[in-house]
Amino acid sequence: MAEMATGGDVPTNNTIYINNLNEKINLNELKKSLKAVFSQFGEILEILAFKTLKHKGQAWVVFEKVKDATAAIEKMQNFPFYDKPMRIQYARTKSDVIAKADGTFVPREKRKRHEEKGRKRKDQHDANQAAMGVNPAYASAYGATPLSSQIPYMGGAKSTLPEAPAPPNNILFVQNIPHETNSMMLQMLFYQYPGFKEVRMIEAKPGIAFIEYGDEMQSTEAMQRLQGFKIKPDHPILITYAKK
DNA sequence: AGCACA
């Protein structure tokens with residue numbers, strides 16, 4: 001039943017386990033950036049990260065659907081995140097949110113490693129197995145918003161901007177960015193289109209950014225794909241060419 | 001390196 005094609009030697013799971021994360025980044029920002037990075041693959045139920053010795057530099061991202069976790073592993077493996085390549089695998093065990101949703105959650109006791117260990121392991125294993133099938137309990141509980149539905153496709157029609165549009169440029173000018181957005185989030189968004197070079201945000205001017213691509217064809221493609229993208233609900237970004 | 005359930 002386990003498919004081993006991706007993410008190392010661990011069977012598929014709703015949850016991805018990420019390590020080699022930059023330990024200097026504070027947890028809130030880290031989680032926000034992870035959310036920004038991985039939301040493109042599907043609905044995320046939860047992101048967990050801890051700063052304890054044993055768990056720093058690691059995070060768990062729980063997807064509603066296993067296939068989204070699979071896509072995330074394939075597409076984001078070794079992605080340079082805060083200057084370090086992410087290492088991504090499936091998590092070894094099912095996340096509590098998932099177990100709760102499919103009815104297989106068994107509260108775990110305080111860690112005791114001296115007694116009944118084998119037996120508890122087996123119970124956990126059985127619970128995991130029991131949930132491997134279809135899980136209608138949570139399948140419809142979350143309204144995933146596919147990336148495509150967030151992107152108003154311009155369909156070749158000229159966008160009628162109030163001001164004279166700038167001529168094509170390999171650098172894009174992005175406006176209406178939520179103020180809590182950081183450059184890593186934007187990098188994640190724009191990196192997925194070919195030719196991506198860099199993101200530049202101006203500290204003194206929140207809400208805008210410049211995104212550079214190798215050439216105009218590439219910047220144009222990215223602009224069309226990400227035009228109106230909502231980093232935050234009811235807050236579509238506006239992308240134009242930067243002025244030369 | 002390190003697989004959790006703040």
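Residue numbers begin at 1 in each chain, while the letters A, B, ... track the order of the sequences. This one's a predicted model, so the numbers in the text were calculated from it and none came from an experiment.
- Rounded to whole Å, atom P of B:dA1 lies 11 Å from atom OH of A:Y17.
- The separation between A:D96 atom CG and B:dA6 atom C1' is 13 Å, rounded to whole Å.
- Computed from coordinates, the A:L21 CG to B:dA1 P distance equals 14 Å when rounded to whole Å.
- Taking atom CG of A:L27 as the reference point, atom C1' of B:dA4 lies 13 Å away to the nearest angstrom.
- Side-chain atoms of A:T70 and A:Y90 form a donor-acceptor pair, as typed in the model, at a separation below 3.5 Å.
- Taking atom CD on A:Q58 and atom C1' on B:dC5, their separation rounds to 14 Å, with Å as the unit.
- The hydrophobic cluster of A:M185 has no other members, since no ILVMFWY side-chain heavy atom comes under 4.5 Å of it.
- Taking atom CG of A:L53 as the reference point, atom P of B:dC3 lies 14 Å away to the nearest angstrom.
- For A:Q89 and B:dA1, a side-chain-to-base donor-acceptor distance below 3.5 Å is absent, hydrogens and geometry of angles not being considered.
- Distances shown here put every side-chain N or O of A:K56 at or beyond 4.0 Å from the OP1 or OP2 atom of B:dG2.
- Evaluation of the side-chain hydrogen bond (donor to acceptor under 3.5 Å, both in side chains) test over residues 165-179 of chain A, restricted to residues two or more places apart or in two chains, returns none.
- The base of B:dA4 is not paired with the side chain of A:T15 by any donor and acceptor separated by under 3.5 Å.
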